[in-house]
Amino acid sequence: MKVSAFAAGCGAVVENVQLAALSDQQIVELRSIFAEHGVIFFRDQVLSPSEHHRFATRFGDIHINPFFKSIDGFADIAQVRKEKGQQTNIGGGWHTDHSYDDEPAMGSILVARDLPAKGGDTRFANLANAYDTLSDGLKKTVESLRAVHSNVHIYGKDGLYAGTDIADTLSGSDKVGNAVHPVVIKHPESGRKVLYVNPAHTICFEDWSVEESRPLLDYLYAHVDKPATTCSFNWQSGSVAFWDNRSTWHFANNDYHGEARLMHRITLSGSVLDGV
């Protein structure tokens, strides 16, 4: 395998490999690359749904998302779909998948199936690098905090998506909930400190009001969303992205109105996150 940086502070590209035919040693190597970079990209892959499923299970157990419809024959492969006539897309804002769960997802594997002629890129942010570039004083402050994460305002019956043109493609509004996690976590594999808040799901700091939390959260979000810690992945036929939900954000651009986009996503189960 050939590994190269995708951007200076975000992501890596892995070449000379087919995900459908990996050796056990290559899986070991990919685990290390994944932990180091947070998001890894692959091009020119030939990956059927069954091969997508098999690749995922070599990294861990699969978590079935209760809100997304699955593809025929594979209950654990979710459709991330936008039709030609729809204006709203899934994931059109910075977020971390499943931070609202008590045991947040370990990772997500997204495979391109149907792409618009242009647009539809996905942005990523490296939260370990973001933590590293905070001041020493702010590091001490955020390391002492815990934050409340929720999906009620997004997937609940009166949530963000309920009044949009994709409401009929989602389900599970009765399965929403909250969780509390450290604001700075220790990554289970790399050991690095990671800033673990995100704009979509973090509501407030534990024992703080929403109003009190907002200025500091907004500062942290602005700190993450900088060229030094972000990148934008341009999808092509055969592209695959594998990201670590514990150490990255992602953001699906919604700039291809009038065209369809279909991605297949598998989410990998995680564990309770420990603070530092």
Side-chain angles (χ1 to χ4, degrees), residues 63-71 75-105 108 110 120 122-123 125 145-183 196-222 224-225 243 245-246 248-258 260-267 269-270 272-273:
H63 176 87
I64 298 179
N65 187 296
F67 308 111
F68 291 27
K69 292 184 178 179
S70 60
I71 70 171
D76 46 15
I77 300 181
Q79 300 182 58
V80 183
R81 178 188 293 273
K82 182 187 176 187
E83 301 289 1
K84 290 182 178 181
Q86 292 174 326
Q87 295 295 305
T88 309
N89 74 331
I90 294 291
W94 282 120
H95 65 287
T96 298
D97 292 340
H98 293 270
S99 71
Y100 46 77
D101 289 340
D102 290 328
E103 296 184 356
S108 298
L110 196 66
T122 302
R123 298 178 66 201
L145 300 174
R146 291 166 59 84
V148 179
H149 298 247
S150 179
N151 60 6
V152 176
H153 58 293
I154 296 177
Y155 295 113
K157 66 177 183 178
D158 297 318
L160 174 68
Y161 289 135
T164 70
D165 55 6
I166 63 170
D168 291 342
T169 69
L170 300 172
S171 59
S173 62
D174 59 332
K175 295 180 173 63
V176 294
N178 303 324
V180 179
H181 304 295
V183 171
Y196 193 74
V197 290
N198 69 90
H201 299 304
T202 306
I203 304 301
C204 61
F205 299 114
E206 187 177 41
D207 300 326
W208 293 34
S209 70
V210 172
E211 292 75 19
E212 290 169 335
S213 303
R214 183 51 49 194
L216 179 52
L217 285 173
D218 284 346
Y219 177 86
L220 294 173
Y221 299 155
V224 175
D225 190 6
W243 66 84
N245 285 303
R246 302 160 299 186
T248 63
W249 289 350
H250 56 285
F251 183 135
N253 289 347
N254 191 19
D255 55 356
Y256 53 97
H257 297 309
R261 181 178 183 268
L262 173 64
M263 319 294 276
H264 286 178
R265 192 185 82 181
I266 291 180
T267 301
S269 298
V272 173
L273 300 174

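- Rounding to the nearest 0.5 Å gives a distance of 8.0 Å between OG1 of Thr267 and CZ of Phe68.
- For residues 153-182, no pair satisfies salt bridge (charged side-chain N to carboxylate O under 4.0 Å, His left out), with sequence neighbours left out.
- In this structure His250 satisfies the ring pair (Phe, Tyr, Trp, His ring centres under 6.0 Å) test together with His95, Trp243, sequence neighbours excluded.
- To the nearest 0.5 Å, atom OG1 of residue Thr169 and atom NZ of residue Lys82 are 12.0 Å apart.
- His257 NE2 to Thr88 OG1: the interatomic distance, rounded to the nearest 0.5 Å, is 8.5 Å.
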Which is it for Trp94 and Val224 under the side chain to side chain contact (heavy atoms under 4.5 Å, CB included) test, yes or no, and what are the steps along the way? CA-CA 10 Å; Trp94 282 120; Val224 175; over 6 Å; no

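- In terms of modelled atom types and a separation under 3.5 Å, the side chain of His201 and the main chain of Ser150 share a donor-acceptor contact.
- The CG atom of Leu273 sits 5.0 Å away from the OH atom of Tyr196 when rounded to the nearest 0.5 Å.
- Atoms OH and CD1, from Tyr100 and Ile154 in turn, are 8.0 Å apart once rounded to the nearest 0.5 Å.
- By the side-chain hydrogen bond (donor to acceptor under 3.5 Å, both in side chains) test, His149 is found to be paired with Ser99, Thr202, residues two or more places apart in sequence or in another chain being considered.
- A side-chain donor-acceptor contact under 3.5 Å links Ser108 and Asp97.
- For the atom pair NE2 of His98 and CZ of Phe67, the computed distance is 8.0 Å after rounding to the nearest 0.5 Å.
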